[in-house]
Every structure is written in structure tokens, then in C-alpha cells.
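Note sheet for the following structure.
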Amino acid sequence: MMPRCLGLAILAAVLLFAFGLPLVNETDPTAQSLLNALQPPSAETPFGFDHLGRSMSARLAAALRLSLTIAFVTLVTTAAIGVALGALASWRGGWVDRALVLFADSIVALPALLIVLIAGLILPNQPLAFWAGLSATLWVEIFRLTRAAIRAQIAAPAVEAARLLGFGPIYIFRTHLWPELAPVLRATFALTFAAVVMGIAALGFVSVGVRAPTPELGLMMVELLPYWREAPWALLQPVIATMATLLALTLIAGGPKV
Amino acid sequence: MLLSIGRSLGWRLAQAGLVAILVGVLSFAMMRALPGDMIFRIAAARFGYDNVTAENAELVRSQIGDPAGISAFLGWIAGLFRGDLGTSLVTGETVLAEIAHQFGATAELAGVAILLSLLIGPPLGLWAGLHPGGWFDRATVLLASVFKATPQFLLGLVLIVVVAIGMGLLPAAGHGEARHLILPGLTLALGLAANTTRITREAVVQARDSDWWRFARWKGLSERQVVLRHGLRHVAVPVLTLIAAQFVALMEGVVVVETIFGWPGIGHALVHAVFHRDVPMVQGTALIMGLAFVLINALADIAARVLDPREAAQ
């Protein structure tokens, strides 16, 4: 239980920073002032300024807001698709089940980053592309877990009795299946969230994600990398922010079951 | 046993077919949805951005026709059956030749990564699993979580800054010599090893708890003999399945790691093909990656059945 609390605490701190900062300090994350270029952290500006004199704290918070918002929306979408299709597959069985599993197996064979890259070309803006591309690939894991968990439950006497009593599928899902499913899915939800944050940063890092000057964690690392000798503290900030978020989510997901 | 292998191969074959169709539909959807005239984009890739003129564009158009049309899609599917993936719109080489060239570099990198991860992961997991709850076990599990949470590009970045620039031991980029392989290989391997360590550890812990392990100990085998004679084989199955399942993550890592380390492989090619709207190259690379995944999983299915006949016997 300890690691999970620690993970939740870290995530809460990251969320507080990302969404709370604009409330107290309204610095524009893209406002430049070359006089401040690479100013190290001081008492007034505890995060310092980047190579173009932009406020690191405002940029970091904006980058985290972007990643966390996309991750949240993507998680909701993948959860809806995954649970719905998983329930459908195990409920119907037969060829519906086989077709859905085959479809999921084939999606898994394609690299997610490729699908995101292609979505980036089809859709007009990058956050939308991240959402579409990552949702299109990440639902598979949730689908598989849901299908496996529900299959065991559907044969249970409680579900059979409820069916015989004439309850509809939605009622049965809510009262009998969901309570069994939720704890199984929690870890996967945390890892899916982490996968989105990681994917956005990775694409930003290889410069095919969000375009400058929009603050984004991976992009900030590339921008600050040339200055690692003069301003290691600046490069470390997005690195630490990314790692803290991912580690928190991994901790929430929980370690191996012994 | 043969029947179950046959059934799983049939499934993999259906998977391969659907992968091909998905790749085709996705890439043609991309071509149709792209804003702007892609002929100009291809002309830019061929002649350079400053030399795109209407004449050059017409020249390109007369050579390749409408690459986003339905007939082009059907032609591509028909070509698949002849083993013909088409011609790169940018270089004019056949896609197969281009990919064969790049795939070698990627296979080299992926092979080194898997080998390194096998040298790191299973031994650690084995030792940790044999002493569950000890300090070594807890340290390993913690380290595995940290490495699992670390994105590959970040690991690559740290390795470049620390090993290549800070200590000056190994080159940060380049291709051709063995020393160029170490950093990108290690970047991929550490992420993979985090997972193999955890899986090995759990399999060992579970095995130590099983009846057959207790029986082997009871009949007088030493712990060491049980591990070597029975344990390794039992642990090999989940590790093998995991490596096959991680192949796609490896390919994804390859896209990122090749871009960071400037490795001339298939991931690098894919990113460039997407940029230049080189449809046949996007289709070709995506298809090869997808089919390689299916093939490797099919092989893993067979290997798992050979290693562990218990499942087939049921």
C-alpha cells in the first residue's frame, strides 16, 4: 500500500503544480526576453529561464498541462472503447469474439508511434492526432483484460440468475461485472496514462510531435540539450517532471503480484 | 500437439492478412486526407525544396500517376501476392530493395538489444526470485520499476550525456563499427531487461511454490540441480513469450533510438517516408514491421509448445 500512496502523492503534486501555477502566476509560457536568457534559478523565479529567456516554470506547467490533459482524454476514450468491445466479445462469444480478438491482435502488430505519425498527417492539429492515434492503439490492452475478466464472470451463477430474472445487459454489467472488473483495470489505466505521457514526450523528442514554440516536455528537452553544460538545471527540469509523472503512475499501477 | 500448432499457425496467418489490409487502408486514408498536392511534396523530396516548379511536378505526375487513387490501392494489394511492394516515390528504387538495405541495420541493433537484455534480465530475475524478500530482490524490483518507467529516449539522452560526452568512452552516433552498437543497443536493452527481470522473478517465485519443485527437492535434488534441470525450462516459456510480445515495443523503441543515435535503419526510414509522403515506403516498412511481429510470435508459439508440452497435453 505504501508505494501506491507515494505514487498518488507525487501525482497530486505534479497536478497541483501544472494546474495551480497559472492561477497564481500568469506569465505567458511563450513570452521571450533575451535579457533573461539562461538566468539560473533565483529567489523570485525558482525555476529560472530558458535559452530564449522564457519562464521555465510557466513552460513546465504548460507542458505538463498539455500532456496530462491529452493523457486523461485518451484514457477515457480507450477505457470506453476497450471495456465496451471487451464486454461485447465475451458476452456474444462465437464469431463476434473471434473477429474482435483478431482485430485487436492485428492492431498490436503495428507500432503505435507509426499510427500516431500517420494520424498527425491526417488530422489538422497535433493534440487531436495524439488523442486519435494513441486511442486507436491503447484500447487493446483494456479490451483483452475486460474480455478475460468478464468471461469468467458471465458463467457465474449470480449472472445466470440475474439473466433468468429478466434483467437487461446494462443492469448486469453494472451490478455484477463492473465491480469485478474495476480492480483489475486500475493498474492498466495507470499504465495507459503513463504510455500516453511517454509517447507524447518521445515524439516531441524526435521532433515529430508538437511544434515549437508550444511547450512540451520532450521538445523542451531537445531545445535545452545544447545548453546542458551552461544550464544543466534547465535541462533537468523537464527530465525530472517527466520521470516524476511516470514513476508516480508506475507506483500507482503497483509492482509485480507476489 | 501438431494439431494445436496448426491451429495457432492458422490464427497467425489470419492475423498477418488483417495486418496487411490495415496497413493498406491506413496509408491510403493518409494519402487521401493529406492537405496540398502530394505530387509537389514528392517533387520537393526528389529535386530539393528550392527547385520545385510546375514542370518538375508534371514530370513526377506523368511518371507515377495518382498515388492516392482506388486503383493504386487495388494494385498494391495485387502486388503483395507477387511479393512486389512497389517503388519508392522519392528514390525510384524498389521498396523491397530499400527495406532489405535498412532492415539489416535494424536487425543488427535489435539483435544486440535482445542479447544484452537476456544477459541482464533473466540472471537478475533468477537470483532475485530464488531469494524473495531479500535486499537483492527488493533492490532489483525497485530498479526494474525505475527502468520500466524511464522512456527510451530519456535513457538514450542520459547515456549520450554521461558515457559519450561526459566520459568520452563511446561514440554518440555513427554506424559501421561494433562500438557504435553499444549505446543504442544498451538503451533498448535496459528497457527490455526491466520487463524480463520482473517476469523471470515472478516465474521463479511461482515455481518455488509449486508441487513439482517441492517434489524435486524432496526426492533429494539440490536447489542448484532443481534450478538447472527443471527451473530454467519452466522460466524460459514466459520469458520467450514476453520477448516476442515486446517485439513491437522494440520496433517502436527502434524508431526513437535510431533517430537519436542516427542509426540508418528501418525506423529512421519510416519517419522520413512519412515526412515525404512516400506512400509505398510507408506501406512497405509498416507492413514488414507488422509481419515480422506476427512471424516472431508464431515462432514463439511453436517454441513455447516445444519447451512446455504441458499446455498441449491438456
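So that the names make sense, note that chain A is the first sequence line, chain B the second, and so on, each numbered from 1. Values reported hereafter were calculated over all heavy atoms of this structure, with side chains retained and with hydrogens, waters and symmetry mates removed.
- Taking chain A as the reference chain and counting heavy-atom pairs below 4.5 Å, the highest number among B:Leu157, B:Val294, B:Leu142 is found for B:Leu157.
- Note that the CE atom of A:Met198 and the OG1 atom of B:Thr150 stand 7.5 Å from one another [nearest 0.5 Å].
- Across B:Met289, B:Gln15, B:Gln206, the residue that shares the most heavy-atom pairs under 4.5 angstrom with chain A is B:Gln15.
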Original post:
Would A:Leu102 and B:Trp11 satisfy side-chain contact (heavy atoms from CB on, under 4.5 Å), going step by step from the backbone distance to the final call?
Top reply: CA-CA 8 Å; A:Leu102 183 64; B:Trp11 180 260; 3.9 Å; yes
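- With a threshold of 4.5 angstrom between heavy atoms, A:Val197 does not approach chain B through any atom at all.
- Only the side chain of A:Leu225 comes within contact range of chain B, with heavy atoms under 4.5 Å apart.
- Within the 4.5 angstrom heavy-atom criterion, atoms from both the backbone and the side chain of B:Phe153 approach chain A.
- In this structure, no portion of A:Val222 lies under 4.5 Å from any heavy atom of chain B.
- Counting heavy atoms from C-beta outward, A:Leu251 and B:Ser145 have side chains that stay 4.5 Å or more apart.
- Closest approach of A:Ala202 and B:Val256 over heavy atoms only: CB-CG2, 4.2 Å.
- Taking a 6.0 Å sphere around CZ of A:Phe72, one finds it holds 12 or fewer heavy atoms contributed by other residues, nucleotides or ligands.
- Within a 6.0 Å sphere centred on CZ of A:Arg151, other residues, nucleotides and ligands contribute 12 heavy atoms or fewer.
- Between B:Leu154 and A:Met221 there is a side-chain heavy-atom pair separated by less than 4.5 Å.
- Summarising the local packing, CH2 of B:Trp213 is surrounded by more than 12 heavy atoms from other residues, nucleotides or ligands at distances under 6.0 Å.
- In this structure, chain A has heavy atoms under 4.5 Å from both the backbone and the side chain of B:Val146.
- In this structure, CG in B:Leu22 is found 8.0 Å from CD1 in A:Ile115, a value given to the nearest 0.5 Å.
- When the candidates A:Ala201, A:Ala119, A:Gly218, A:Ala194 are compared by the number of heavy-atom contacts under 4.5 Å with chain B, A:Ala201 comes out ahead.
- In this structure, B:Pro151 and A:Thr242 approach most closely via the heavy-atom pair CG-CG2, 4.5 Å.
- More than 12 non-hydrogen atoms from other residues, nucleotides or ligands lie less than 6.0 angstrom from CH2 of A:Trp91.
- Taken to the nearest 0.5 Å, the CG atom of A:Leu246 stands 11.0 Å off from the NZ atom of B:Lys148.
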